[in-house]
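Quick caveat, the model's predicted, so the values are computed rather than measured. All chains are named by letter (A, B, ...) in the order of the sequence lines, taking the proteins before the strands, and each is independently numbered beginning at 1.
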Protein chains: 2
Amino acid sequence: MDENCTVYRTMGFLSKKWTLLIILELYKGGDRWKRFSEIKRSMKDITPKILSDRLRNLEEEGVIERRVDSSTVPMRSEYRLTEMGRELTEVAKDIKVWALKWKINNPACASRDCIVCVL
Amino acid sequence: MDENCTVYRTMGFLSKKWTLLIILELYKGGDRWKRFSEIKRSMKDITPKILSDRLRNLEEEGVIERRVDSSTVPMRSEYRLTEMGRELTEVAKDIKVWALKWKINNPACASRDCIVCVL
DNA sequence: CCGTATCCGACTTGATACTG
DNA sequence: CAGTATCAAGTCGGATACGG
């Protein structure tokens with residue numbers, strides 16, 4: 001296997017558990033900054049550790065951006081997708097289209113207002 | 001997290017290491033059936049166990065089909081993508097387009113005759 | 001030659017408690 | 001609130017040996 005393969009390298013980062021779902025969660029927010037606890041609340045089974053790990057990783061990859069307002073107590077950390085990240089949701093959208101066609105009968109997810117992934 | 005989420009469920013199966021690359025390897029073959037050893041040879045670092053595991057999993061998912069010719073010795077197992085599998089390569093294509101734009105400067109992979117993933 | 005079974009270490013994820 | 005620390009549990013992947 002060639003480590004220079006674009007698909008291979010990108011999958012290495014994209015295929016981590018929860019990653020794509022976090023991206024979708026932020027995508028739902030549009031331009032709005034979302035706070036850690038808000039994201040966590042929406043994804044009820046993710047643990048803070050994993051969410052924290054993934055957010056840092058996504059920030060390193062340039063897919064999301066973070067801002068901290070330390071003037072308030074407690075301080076606020078907020079996140080949103082970068083342009084690079086928003087374009088990544090196209091991939092998720094394709095996966096969804098494919099899965100709906102071939103694999104899963106899931107009307108809720110197929111509808112435009114799916115509360116889970118909103119694609 | 002909702003286990004009924006289409007994206008989530010599909011990622012669970014797609015995100016396994018090597019999976020997408022195996023799909024691409026078969027995609028290169030077009031309609032042609034490919035043998036185990038032929039696939040293995042093309043992906044030089046994969047071990048037989050992993051390849052075997054993934055092929056079985058992909059077959060269960062309906063993404064590839066398998067045929068066995070037991071009239072010869074040794075018998076031959078051959079694989080190719082189903083229609084469902086061929087459509088999945090669109091996802092890989094999108095990942096590649098995205099990665100080339102944002103992440104990786106990889107002219108070999110960008111060209112149409114990339115020997116690794118041929119997308 | 002085409003795989004499968006077993007074993008094992010490395011890595012990943014998860015549960016829970018805790019801190020500034 | 002926004003994480004981090006700790007440790008347990010699970011998963012993955014690789015080497016090797018083996019059977020049809």
query = OP1 or OP2 of dC2(C) sitting under 4.0 Å from any side-chain N/O of S77(B)?
reply = no
note = Per nearest nucleotide of DNA chain C, the residue lying toward the 5' end, K49(B) or R35(B), is R35(B)
inquiry  = I want to check one thing: is the phosphate of dC2(C), taken as OP1 and OP2, less than 4.0 Å away from some side-chain N or O of Y79(B)?
reply    = no
task = Scan R66(A) against the nucleic acid and name what it touches under 4.0 Å (heavy atoms): base, sugar-phosphate only, or nothing.
result = sugar-phosphate
query = When we call it a touch if two heavy atoms are under 4.0 Å apart, what does K40(A) touch: a base, just sugar-phosphate, or nothing?
reply = nothing
remark   = Partner of V68(A) under side chain to side chain contact (heavy atoms under 4.5 Å, CB included), picked from M75(A), R76(A), E78(A), is M75(A)
Distance below 4.0 Å between W18(B) side-chain N/O and dC12(D) OP1 or OP2 = no
ask   = Reckon T47(B) has a side-chain N or O less than 4.0 Å from the OP1 or OP2 of dA15(D)?
value = no
query = Got W18(A) and L51(A) here, is their nearest side-chain heavy-atom distance under 4.5 Å?
reply = no
request  = Examine dT13(C): is either OP1 or OP2 under 4.0 Å from a nitrogen or oxygen in the side chain of R54(A)? Give yes or no.
outcome  = yes
request  = Compare every heavy atom of G85(A) with every heavy atom of I23(A), then report the nearest pair and how far apart it is.
outcome  = CG2-O, 4.2 Å
ask   = Contact class for R76(B) vs. all strands (heavy atom < 4.0 Å): base, sugar-phosphate, or nothing?
value = nothing
